[in-house]
2 protein chains.
Amino acid sequence: MVAITIKDVAALAGVSVATASRVLSGNPATSPDSRARVAAAVTELDYRPNAQARALRSTRSDSIGLLVSDVRNPFFADLAHTVEQAALAAGYVTLLGNANERKEQQDRYLDTLISRRVDGIIVAPLGEGSGSIRSLITREIPTVFVDRTVDGLDIPSVTTDSEAGIRQAVHHLAAAGHTRIGYISGPQATSTGRDRFAAFTRAIAAAGLSQDPELVYFGDYQAASGSAGVHALLQLREPPTALLAADSLMAVGAIAILHKLGRRIGADIALIAFDDIEWFALLNPALSVISHSVEEMGRIAVDMLLQVIDGGEPESVVLPSELIVRASSSTPTSPASGPSLRTN
Amino acid sequence: MVAITIKDVAALAGVSVATASRVLSGNPATSPDSRARVAAAVTELDYRPNAQARALRSTRSDSIGLLVSDVRNPFFADLAHTVEQAALAAGYVTLLGNANERKEQQDRYLDTLISRRVDGIIVAPLGEGSGSIRSLITREIPTVFVDRTVDGLDIPSVTTDSEAGIRQAVHHLAAAGHTRIGYISGPQATSTGRDRFAAFTRAIAAAGLSQDPELVYFGDYQAASGSAGVHALLQLREPPTALLAADSLMAVGAIAILHKLGRRIGADIALIAFDDIEWFALLNPALSVISHSVEEMGRIAVDMLLQVIDGGEPESVVLPSELIVRASSSTPTSPASGPSLRTN
DNA sequence: CGTTTCCATGGAAACGATTCCATACAACAC
DNA sequence: GTGTTGTATGGAATCGTTTCCATGGAAACG
């Protein structure tokens with residue numbers, strides 16, 4: 001099929017290419033007659049402008065990039081959905097990429113987004129700011145960090161104050177009598193991994209609980225490392241009686257292996273996850289979580305990026321987190337009356 | 001910052017623009033000396049080709065579109081992830097869009113993808129083939145339907161044989177003694193909604209179970225309609241003793257409201273969901289599901305689309321489904337020994 | 001030595017849209 | 001009637017890359 005171009009539209013409407021373009025761009029310097037004729041020609045020919053040609057001439061592509069760690073993680077799936085809807089409402093299409101928690105893939109995707117001349121990029125960064133993250137700065141590409149940041153890079157960001165939620169969680173577990181709390185940490189190559197670990201360390205010290213370094217397992221934010229972490233921690237000479245997982249996917253892995261090992265969550269061992277996933281409340285026992293609003297995060301990230309694209313310099317935003325106590329971290333009850341998560 | 005173009009690269013390398021372009025495109029008609037000099041210039045200038053300009057001249061954008069119903073649905077999140085990774089391995093970037101189960105948004109997104117001249121589109125279609133779905137055909141844009149199809153459109157597709165899984169589920173529930181099975185149906189505007197409903201109807205008839213039309217609730221594949229469906233079905237004069245939800249998000253909604261109403265899944269009422277989501281097995285009781293391989297579906301869809309892009313005419317593929325029995329649909333046991341999903 | 005073939009190169013045109021700048025016309029003021 | 005201003009239009013240049021086609025030089029062949 002031969003492509004319909006703006007030349008065909010202009011010819012059918014009986015105007016010049018420049019006038020047709022002005023009409024389609026909403027330029028007011030056009031007569032009502034020209035507008036009507038061009039609109040009729042567009043409809044008759046089912047014409048769609050070529051976005052590549054537009055972007056090439058106009059220096060903007062009306063698209064933004066969003067690079068997340070893994071769209072299968074419900075937190076990032078929700079974030080992607082919110083960002084995409086907010087961007088679409090502002091006239092931008094979102095190009096979504098997955099880094100799979102790997103720096104090489106992060107770099108590859110960022111290069112792709114740069115090559116496609118997206119108007120801006122929202123990214124949950126991994127690593128210390130070398131590679132393609134550095135290129136974003138060098139090229140002055142409008143950028144907003146979401147959820148995570150890179151030390152030393154002055155990029156506007158929207159993140160979570162994990163300190164508050166983690167402090168509440170540790171305090172809650174201490175009040176329930178736990179003295180050895182196992183922590184399944186995120187990767188130290190991510191700011192969230194570092195921040196949440198540091199917050200955990202401070203909260204443990206403040207609560208006067210055991211600071212045995214063996215109580216910390218360094219995972220990679222994937223479900224499998226959640227399972228491996230629980231497995232390692234439960235093999236300690238003095239295993240923890242409570243667990244705190246630094247993200248939802250690792251919590252899923254933790255639940256699966258506790259299930260497999262016949263350990264009853266809530267009764268035998270307490271479990272709290274960072275990130276509130278909708279279905280965590282449907283588990284039995286329902287999972288205690290450190291909650292923050294992923295929707296708000298996504299909306300703010302888009303607002304900030306639009307400001308940066310327009311030449312503004314938005315202030316970074318830190319959102320609150322809070323503990324939501326459910327049955328998985330409540331005081332153990334007697335087996336006869338307590339709900340449990342057991343092997344079927 | 002002034003943009004670096006291929007002219008700058010050519011000048012620094014001491015070759016013509018045409019030679020620089022040939023080197024970067026991997027054209028063999030270049031000398032090793034030219035290749036080395038261009039490569040060095042690219043590195044020194046941190047040059048990234050402008051993908052818009054490339055696409056404009058070369059008539060291909062090296063991108064594909066994937067339009068799903070809702071990336072928050074774990075089924076589609078997994079599908080998106082698989083498609084994206086398979087496409088990336090083949091040298092294509094994936095532009096991901098959400099229709100939010102709405103035809104206007106489906107049309108809007110398809111228009112956007114068409115405007116961006118993607119090389120092909122994979123879509124889980126909604127509706128009867130009017131609007132922008134029709135434009136895909138008219139413009140002969142390489143298209144593959146995934147999960148769902150449109151009656152009367154001869155587009156290669158990769159779908160699931162839901163009949164087998166649903167027949168197994170109904171048979172399993174009948175063998176457990178259920179005579180009134182409630183069905184939470186997907187929207188009849190989707191082929192999966194229609195097919196699964198028809199399969200359910202046939203399986204019910206074949207098993208000699210109640211074909212009371214009140215046992216069917218027509219939902220919209222969102223969690224809220226799963227809740228509403230359960231609510232409606234449980235208010236019948238003769239409520240069902242077993243439920244079959246036509247997708248995972250509606251099953252989540254069903255679980256939530258059963259939880260809220262204090263109905264014990266597995267003990268008071270059996271529940272089976274179409275689509276196997278990883279965490280369904282972590283519920284207590286673990287959820288019975290009709291399973292099909294979303295990963296395989298995504299890979300096959302990409303393979304098929306690549307064939308269509310290359311001028312091929314791949315055969316449509318129908319993948320199997322099978323029932324996985326877990327505790328949510330097992331024979332009710334006595335309260336003292338049975339796991340349950342209860343209000344906390 | 002003359003002709004043919006192969007490899008490599010460079011300049012210009014093409015791709016489809018936007019935008020710059022020159023021009024025409026009508027309305028208004030003096 | 002003349003000059004100014006505002007609206008509207010059209011042709012050509014621009015955007016960054018690829019590709020077409022012409023050309024030159026070297027090697028192979030008769």
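Each chain gets a letter, A, B and so on, in the order its sequence line appears, and its residues count up from 1. Here the structure is a predicted model, which is why all the values come from computation and not from measurement.
Straight-line distance from the CG atom of B/Asp33 to the C1' atom of C/dT9: 12 Å, rounded to whole Å. Going from atom CG of A/Asn27 over to atom C1' of D/dT7 covers 11 Å, rounded to whole Å. With rounding to whole Å, A/Arg116 atom CZ is found 17 Å from D/dG16 atom P.
In terms of polar N and O atoms assigned as donor or acceptor, the side chain of B/Arg117 never comes within less than 3.5 Å of the base of C/dG16 in a complementary pairing.
Relative to the side chain of A/Ile6, the nucleotides C/dT9, D/dT17, C/dT18 differ in distance, and C/dT18 lies closest. Residue A/Ser31 has its side chain nearest to D/dT9 when only C/dG10, D/dT9, C/dT18 are considered. When the nucleotides D/dG10, C/dG11, D/dT17 are ranked by their closest atom to the side chain of B/Val17, D/dT17 comes out on top.
At distances below 3.5 Å, not a single donor-acceptor pair connects side-chain atoms of A/Thr192 with backbone N or O atoms of A/Thr190. Judged purely by atom type and a 3.5 angstrom limit, B/Arg117 has no side-chain atom pairing as donor or acceptor with the backbone of B/Ser61.
If A/Lys7 and A/Arg22 are placed on DNA chain C by their nearest nucleotide, the residue sitting closer to the 5' end is A/Lys7. Along DNA chain C, the nucleotide closest to B/Arg37 and the one closest to A/Ala18 are compared, and the more 5′ of them pairs with B/Arg37.
Using a 4.0 Å cut-off between charged nitrogen and carboxylate oxygen, B/Lys103 and B/Asp107 count as a salt-bridge pair. Between B/Glu84 and A/Arg72 there is no salt bridge, since no side-chain nitrogen of the basic residue lies less than 4.0 Å from a carboxylate oxygen of the acidic one. Comment: A/Glu128 does not engage A/Arg194 in a salt bridge, judged by the lack of any side-chain N to carboxylate O separation of less than 4.0 angstrom. Between A/Asp62 and A/Arg54 no salt bridge is recorded (no basic side-chain N to carboxylate O distance below 4.0 Å).
Among A/Asp8, A/Ile4, A/Leu12, the one residue that satisfies the side chain to side chain contact (heavy atoms under 4.5 Å, CB included) test with A/Glu44 is A/Leu12.
If one axis is set at each end of the helix from C/dC1-D/dG30 to C/dC30-D/dG1 from five pairs, those axes are 50° apart, to 10°.
OP1 or OP2 of D/dG16 has not a single side-chain nitrogen or oxygen of B/Thr5 nearer than 4.0 Å. B/Thr30 has no side-chain polar atom (N or O) that falls below the 4.0 Å cut-off from OP1 or OP2 of C/dC7. Between B/Thr19 and the phosphate of C/dG10, there is a side-chain N or O to OP1/OP2 separation shorter than 4.0 Å. Regarding contacts with the backbone of D/dT18, a side-chain N or O of B/Ser25 is found under 4.0 angstrom from either OP1 or OP2.
Of all non-hydrogen atoms in A/Asn98 and A/Tyr109, the two that sit nearest each other are O-CD1, 3.6 Å.
Within 4.0 Å (heavy atoms only), A/Ser21 reaches at least one base atom of the nucleic acid.
For the atom pair CG of B/Leu96 and CD1 of B/Ile64, the computed distance is 10.0 Å after rounding to the nearest 0.5 Å.
For the segment residues 44-65 of chain B, residues with any heavy atom less than 4.0 angstrom from an atom of DNA chain C are, sorted by number, B/Leu56, B/Arg57.
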